[in-house]
*Asks:* 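Structure incoming, see below.
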Amino acid sequence: MKQIFNPKSIALIGASEEKNSVGLGLAKNILESNKNIFFVNPFKDSVLGLKCYDKVTDIKSKIDLVVIAVPAKIVKETVIDCASKKVGAVIIISGGFKEEGKEKEEEEIKKILKESNIPLIGPNCLGIISNDVNASFAPIKPKKGSIAFLSQSGAIINSIIDKAGFSKIVSYGNEADLGLVDFLQYLDNDKETKVISIYIEGLKDGRKFMEVAKKISKPIVLIKAGRSKKGKKAVGTHTGSLAGDYEVYKAAMKQSGVILVDTIEELLDISKALSFLPKCKNGIGIITNGGGLGILTTDYCFQYGVEIPELKKETISFLDKELKGVKNKNNPLDIIGDALPERYRVAMEGLLNQKDINGLIVISASQTMTDHKENAKMVIEMRKKYPLKPIVCCFKEGELEESNVPNYPDVMRAVKSIKSLIKNE
């Protein structure tokens, strides 16, 4: 795995300057990696100013990682060269194998590399992104974060790559060799990763996955595609996986301690919360400058099993003394539409000091006097003061996520996210 995620040298077979080509996307991204880079293309003298070799065997230097992006019909030939060169690891971007019914060709490639003890990712994948390595044809490089994302689909990666911060991104495609379980085991020991997020279409070995998932010390959040009959059929033509029965998956994931979600949005929301914030006991406080949003939040908390404790006498006494302009002291606490940042500070202080309130949902709705950015600063201050009590927000703006405070545009998303932080007693 070290030669995949932290290689000293990378060779791209199929480097290209052709507009909108995979070879060009890969070449641009790999050139940004702070590594020794080599391009292989027998039909070009150079690509993007870098010399091209006819074959990987022509390169005198040791190669840790080879990325292959050539037509399927010549992949075997390039793999034989990689085996001869004794490279460290191979990623095959090229499609046209098991997903198209060509299992024999995929098995032949796998066998060649296996016999040479060379690990393989793919074929039919987007590639990997890690640290200062971008061995993929993703359109952009993601922000640094602590979420590792494993996906059978490259397109899914491209759709979310700018929506969170990631430690590692792996598109593993057809799983001819290295697969989901291998990456789970590696990421469990990866210091940069706090949460593992997964998009799957099918599992090669469900029993093995369950055994490993139970042992993983980090939260696993998973979305499963191919739940319907037609969806299952589509899975077979995408990565050649077996989709399986969704009800069986649900039971298996619950038994394995995996958090199963329904949407990509929810996958990211919960992954962010788990990567930013500590776990907590049940019992959440709600602070809002809009009564209707507080009521909706309360309803969603009831729906998802999030407890909302009554305010204690001591808390009410503190709020009566310090919280000017607010008559009703309840949970949810409506600090009304003219709330300025100081009112937010006092409200958060009061609720966070109550022992059975173990986290907060803080809402800053747009009113005439609302200062979202200053309200956000108050939230960040409280997160530092009460590090063991998670806070999630619904703010229109404010630099919250830069300070590891998740911010959602909808209160239901906030409730679902804080629910994921509640420990099962």
Side-chain angles (χ1 to χ4, degrees), residues 142-151 156-157 160-170 180 183-200 209 212-224 250 253-284 300-301 304-307 358-362 379-380 382-384 386-394 400-425:
K143 290 185 295 183
K144 188 71 181 162
S146 53
I147 302 168
F149 187 44
L150 307 174
S151 176
I156 294 290
I157 291 172
I160 59 96
I161 198 167
D162 60 343
K163 292 179 170 60
F166 297 95
S167 58
K168 305 275 188 299
I169 294 179
V170 181
L180 182 57
F183 296 117
L184 280 177
Q185 291 173 320
Y186 170 78
L187 291 167
D188 195 32
N189 297 307
D190 180 41
K191 292 178 182 178
E192 296 175 337
T193 299
K194 291 182 181 177
V195 180
I196 303 169
S197 301
I198 305 172
Y199 166 88
I200 65 165
F209 173 84
V212 171
K214 284 177 185 176
K215 295 175 185 175
I216 300 295
S217 60
K218 297 170 183 178
I220 301 172
V221 189
L222 182 146
I223 185 168
K224 165 80 171 67
K250 283 170 71 174
M253 294 308 128
K254 188 174 181 180
Q255 196 177 335
S256 306
V258 174
I259 301 169
L260 194 61
V261 298
D262 292 320
T263 67
I264 292 292
E265 183 180 80
E266 194 178 358
L267 182 83
L268 291 173
D269 285 352
I270 290 176
S271 295
K272 274 197 259 188
L274 289 165
S275 69
F276 289 165
L277 301 171
K279 289 270 195 175
C280 67
K281 291 181 179 179
N282 210 339
I284 301 300
Y300 293 138
C301 283
Y304 291 104
V306 177
E307 295 170 6
N358 301 300
L360 290 182
I361 296 172
V362 183
V379 171
I380 293 162
M382 288 298 113
R383 270 292 298 128
K384 290 176 182 175
Y386 299 88
L388 300 179
K389 293 195 174 187
I391 303 175
V392 304
C393 292
C394 282
L400 288 159
E401 297 202 345
E402 290 81 353
S403 299
N404 288 354
V405 178
N407 185 30
Y408 306 107
D410 178 76
V411 291
M412 180 189 271
R413 291 169 65 181
V415 171
K416 284 186 173 183
S417 296
I418 209 161
K419 165 69 175 174
S420 72
L421 298 172
I422 295 171
K423 299 173 187 174
N424 294 320
E425 298 296 338

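Treat the numbers as computed from the prediction; the structure is a model and nothing was measured.
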*Asks:* Between I198 and L184, does a side-chain contact (heavy atoms from CB on, under 4.5 Å) hold up when you go through it step by step?
*Replies:* CA-CA 10 Å; I198 305 172; L184 280 177; 4.0 Å; yes
*Asks:* Starting from the C-alpha separation in whole Å, work towards a yes-or-no answer on side-chain contact (heavy atoms from CB on, under 4.5 Å) for F166 and I160.
*Replies:* CA-CA 10 Å; F166 297 95; I160 59 96; 3.3 Å; yes
*Asks:* Rounded to the nearest 0.5 Å, how far apart are CD1 of I270 and CD of E265?
*Replies:* 10.5 Å
*Asks:* Can you tell if the side chain of K214 reaches within under 4.5 Å of the side chain of Q255, non-hydrogen atoms only?
*Replies:* yes
*Asks:* Rounded to the nearest 0.5 Å, how far apart are CG of L150 and CD1 of I200?
*Replies:* 11.0 Å
*Asks:* I need the L180 CG to Q185 CD distance, nearest 0.5 Å.
*Replies:* 10.0 Å
*Asks:* Under a 3.5 Å distance rule, please check whether Y408 uses its side chain to pair with a backbone N or O of D269 as donor and acceptor.
*Replies:* yes
*Asks:* Side chains of Y199 and L267: closer than 4.5 Å at any heavy-atom pair?
*Replies:* no
*Asks:* What pair of heavy atoms forms the shortest contact from N404 to L277, and how long is it?
*Replies:* O-CD2, 3.7 Å
*Asks:* Might you point out which heavy atoms bring R383 and K389 nearest each other, and give the distance in Å?
*Replies:* NH1-O, 3.5 Å
*Asks:* If you take all heavy atoms of I223 and T263, which pair is closest and at what distance?
*Replies:* CD1-C, 3.4 Å
*Asks:* Going by heavy atoms in the side chains, are Y300 and R413 under 4.5 Å from each other?
*Replies:* no
*Asks:* Within the side chain of K143, is there an N or O that forms a donor-acceptor pair under 3.5 Å with the backbone of I161?
*Replies:* no
*Asks:* Do the charged groups of D190 and K168 touch, with an N to O distance under 4.0 Å?
*Replies:* yes
*Asks:* Picking from S275, S151, S271, what satisfies side-chain hydrogen bond (donor to acceptor under 3.5 Å, both in side chains) with S197?
*Replies:* S271
*Asks:* Verify side-chain contact (heavy atoms from CB on, under 4.5 Å) between I156 and F149, making sure each step is shown before the conclusion.
*Replies:* CA-CA 10 Å; I156 294 290; F149 187 44; 3.9 Å; yes
*Asks:* If you take all heavy atoms of A164 and K272, which pair is closest and at what distance?
*Replies:* CB-CG, 4.4 Å
*Asks:* If you take all heavy atoms of P278 and P387, which pair is closest and at what distance?
*Replies:* CG-O, 3.4 Å
*Asks:* P406 and I391: which non-hydrogen atoms are nearest, and at how many Å?
*Replies:* CD-O, 3.8 Å
*Asks:* Where do I422 and V306 land on the side-chain contact (heavy atoms from CB on, under 4.5 Å) test, with the steps shown first?
*Replies:* CA-CA 8 Å; I422 295 171; V306 177; 4.0 Å; yes
*Asks:* I need the Y304 OH to S417 OG distance, nearest 0.5 Å.
*Replies:* 11.0 Å
*Asks:* So C301 and I284, do their side chains get closer than 4.5 Å, heavy atoms only?
*Replies:* no
*Asks:* Is the backbone N or O of L260 less than 3.5 Å from a side-chain atom of K224, with the two atoms forming a donor-acceptor pair by type?
*Replies:* no
*Asks:* Do other residues, nucleotides or ligands put more than 12 heavy atoms under 6.0 Å from K384 NZ?
*Replies:* no
*Asks:* Tell me if a side-chain donor or acceptor on D188 pairs with a main-chain N or O of S217 at a distance below 3.5 Å.
*Replies:* yes
*Asks:* Would you say K163's side chain and L268's backbone share a donor-acceptor pair under 3.5 angstrom?
*Replies:* no
*Asks:* Can you tell me how far apart CD (E192) and OG (S167) are? Round to the nearest 0.5 Å.
*Replies:* 6.5 Å
*Asks:* Looking at N358, N282, L274, which one forms a side-chain contact (heavy atoms from CB on, under 4.5 Å) with L421?
*Replies:* L274
*Asks:* Roughly how far, to the nearest 0.5 Å, is CG of L388 from SG of C280?
*Replies:* 10.5 Å
*Asks:* Is there side-chain contact between M412 and K416, with heavy atoms separated by less than 4.5 Å?
*Replies:* yes
